[in-house]
There are 2 protein chains.
Amino acid sequence: MQATAVVTSRPPMKAAALPIARVPKPSGTVHSPHDVLRTIQPVGVVSSYDRGQGIFREGDGATHWYEVVSGVARTCKLLADGRRQIGEFLLPGDVFGFEVGDTHTIDVEAISPAAITRFSRARVRLLVECEAGLATQLQQLAFETVSKAHARLLVLARQTAQERVVSFILEMARRLAPHDDTILLPMTRQDIADYLCLTIETVCRTMSDLKRERLIRVPSPQHLVLVDRDSLEDMVGT
Amino acid sequence: MQATAVVTSRPPMKAAALPIARVPKPSGTVHSPHDVLRTIQPVGVVSSYDRGQGIFREGDGATHWYEVVSGVARTCKLLADGRRQIGEFLLPGDVFGFEVGDTHTIDVEAISPAAITRFSRARVRLLVECEAGLATQLQQLAFETVSKAHARLLVLARQTAQERVVSFILEMARRLAPHDDTILLPMTRQDIADYLCLTIETVCRTMSDLKRERLIRVPSPQHLVLVDRDSLEDMVGT
DNA sequence: CGGGATCTTGAGCCCGCTCAAACACTGTGG
DNA sequence: CCACAGTGTTTGAGCGGGCTCAAGATCCCG
């Protein structure tokens with residue numbers, strides 16, 4: 001009965017730091033399927049969540065889709081042995097809540113104060129029946145989710161601990177600070193470990209190795225600086 | 001430069017054994033999203049493939065969707081270091097070929113003689129614009145793919161070699177012989193290894209262990225008998 | 001400052017990998 | 001009928017990366 005990565009007793013009202021705002025889309029080129037949601041925007045309702053608060057839980061009715069407006073969330077699956085698997089980190093612009101059946105099969109929780117838009121599945125379906133093009137666009141959104149899951153599968157299945165950590169750093173650099181080499185991580189080391197299927201110790205050790213090799217700097221645990229992005233990218237064959 | 005799991009020089013016309021036919025759907029209850037394709041059946045074109053023959057390759061234009069009528073196929077991704085990742089085994093009734101962009105990002109090959117229906121994406125889109133309900137059903141199909149990818153992620157990310165092999169055996173028993181304890185595996189040990197992210201040696205050893213524990217029998221390498229299904233299911237927490 | 005949570009480092013172990021060899025099955029040619 | 005090659009499968013010996021267990025260091029907020 002190992003209980004490694006149990007969710008820490010969540011402080012529900014600990015509103016705090018790290019108000020991560022919507023990254024302004026590269027205006028002009030609007031090719032992202034995410035922009036589908038602009039079409040159905042009128043159907044959306046925005047809510048605020050505190051750090052650690054759940055948006056929905058496994059078993060809840062899957063009546064809505066969601067989009068992150070600001071802040072960061074994580075999708076979690078609690079395993080039978082008490083460990084936790086983080087499916088993805090949800091950043092502003094990300095859409096989530098797709099389900100086959102009528103109930104959610106994962107938990108989603110805010111890891112920083114967050115604003116999240118809720119879209120009624122029923123209402124979206126009505127919209128789809130009016131606007132033919134919308135169906136194809138939503139399909140693209142779903143395919144994109146499939147594609148991401150497969151990419152993640154390759155990382156977790158085939159990469160070493162070091163490659164996983166580097167993949168993670170590069171992913172976060174791309175998503176959190178596209179035009180900068182300094183990133184402020186909204187998640188804890190335990191979150192990273194549960195995301196990469198490693199132990200917290202291995203994540204720490206690997207980051208220390210990267211620091212020692214002068215590939216990154218770590219001014220504080222949440223603060224990462226990419227010193228040699230090219231070498232990092234070479235390590236994961238990007 | 002390790003080149004473990006390169007595809008063997010494929011004998012293109014070696015039509016042979018194992019003609020796996022469509023498993024008759026449990027008639028009456030028709031809740032599977034797969035049945036969507038019955039609606040668009042008229043748009044489909046059936047082709048035959050030989051053992052080892054490619055249906056499409058990475059980089060090919062993604063102009064169609066596909067459904068397996070009979071036989072078995074595998075989706076493959078060749079990695080930079082020469083290893084191979086098998087994404088899934090495609091059995092009769094399975095649908096594949098979903099892509100975000102205009103080109104395929106994986107290879108799909110028949111591993112036994114197979115018949116496969118091809119649906120033009122453009123034509124399906126036209127159908128969707130006429131039949132509103134179809135869009136929602138196709139969406140379900142896409143969500144189902146997402147769901148499978150996530151389940152697979154958990155297997156590869158969190159399970160031990162033994163748990164993976166048992167998961168595989170139970171999956172194949174469920175899909176290939178739902179009403180029977182004897183299964184005829186259409187794939188090689190190497191395929192299984194590339195599917196489970198293990199080495200061929202580990203797959204063999206694990207199967208020998210299971211044999212020694214009297215949980216399965218292996219009359220021939222392709223021939224599996226589940227002796228104690230309950231114990232097997234306990235091992236993976238099903 | 002004090003105390004709890006989070007992060008970091010160290011020592012030793014074990015599972016799955018690597019390398020190597022033997023075995024089983026099938027088809028071919030003499 | 002056997003010899004032989006080729007492919008796929010099985011088993012053995014030893015190594016190493018990431019995990020476990022344990023202790024310290026650091027951060028954060030009162």
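Just so it is clear, the structure is predicted and the values come from calculations on it, not from any experiment. Labels below follow one simple rule: chain letters A, B, ... track the order of the sequence lines, proteins then strands, and each chain is numbered from 1.
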Quiz prompt | Pair B:Glu163 + B:Arg158, salt bridge at N-O below 4.0 Å | solution = no

Practice problem: May I have the distance from A:Met187 (atom CE) to C:dC7 (atom P), rounded to whole angstrom? | Solution: 12 Å

Quiz item: Taking atom P of C:dG10 as reference, at what distance in whole Å does atom CD1 of A:Ile200 sit?
Solution: 17 Å

Quiz item: Over how many whole Å does the gap from A:Asp209 atom CG to C:dC7 atom P extend?
Solution: 18 Å

Quiz prompt | From D:dT9, C:dA20, D:dA22, nucleotide with atom closest to A:Glu201 side chain | solution = D:dA22

Quiz prompt | Partners meeting ring-ring contact (aromatic ring centres under 6.0 Å, His included) with B:His64 (sequence neighbours left out) | solution = none

Quiz item: With a 4.5 Å limit on heavy-atom distance, are the side chains of A:Leu226 and A:Arg217 in contact?
Solution: no

Quiz item: Is the shortest side-chain N/O distance from B:Gln222 to OP1 or OP2 of D:dT9 below 4.0 Å?
Solution: yes

Self-check item: Donor-acceptor pair (no angle test) under 3.5 Å: B:Arg205 side chain, C:dT18 base
Solution: yes

Exercise. Taking all non-hydrogen atoms of both residues into account, name the closest pair between A:Ala173 and A:Ile183 and its distance.
Key: CA-CG2, 3.7 Å

Quiz item: Over how many whole Å does the gap from B:Asp191 atom CG to D:dT9 atom C1' extend?
Solution: 14 Å

Quiz item: Could you state the CZ-C1' distance from A:Arg189 to C:dT8, rounded to the nearest angstrom?
Solution: 9 Å

Quiz item: So which pairs with a foot in residues 67-94 of chain A pass ring pair (Phe, Tyr, Trp, His ring centres under 6.0 Å), sequence neighbours left out?
Solution: A:Phe89-A:Tyr195

Practice problem: Measure the distance from CD1 on B:Ile192 to P on D:dT10 and round it to the nearest whole Å. | Solution: 9 Å

Show each protein N/O and nucleotides 23-26 of chain D N/O combination with a separation under 3.5 Å, one pair to a line.
none

Self-check item: A:Glu58/A:Lys77 ion pair, N-O < 4.0 Å
Solution: yes

So which protein nitrogen or oxygen atoms get under 3.5 Å of nucleotides 21-26 of chain C's nitrogens or oxygens?
none

Quiz prompt | Any donor-acceptor pair under 3.5 Å from A:Ser112 side chain to A:Val72 backbone | solution = yes

Quiz item: Is any side-chain heavy atom of B:Val236 closer than 4.5 Å to a side-chain heavy atom of B:Leu170?
Solution: yes

Quiz item: For the pair made of CZ in A:Arg51 and P in C:dT6, what is the distance, rounded to whole Å?
Solution: 9 Å

Are any protein N/O atoms closer than 3.5 Å to N/O atoms in nucleotides 14-18 of chain D? If there are, list each pair with its distance.
unit_1, atom_1, unit_2, atom_2, d
D:dG18, OP1, A:Ala161, N, 2.7

Exercise. Go through the structure and list residues passing side-chain contact (heavy atoms from CB on, under 4.5 Å) with B:Arg189, not counting sequence neighbours.
Key: B:Leu185, B:Ile192, B:Ile200, B:Val203, B:Cys204, B:Met207, B:Val218, B:Pro221

Quiz item: Can you name the closest pair of heavy atoms from B:Ser70 and B:Pro92 and give their distance?
Solution: CA-CG, 3.9 Å

Quiz prompt | Rounded distance (Å) that lies between atom C1' of D:dT11 and atom CE of B:Met207 | solution = 16 Å

Self-check item: Donor-acceptor pair, side chain of A:Asp228 and main chain of A:Ser231, under 3.5 angstrom
Solution: yes

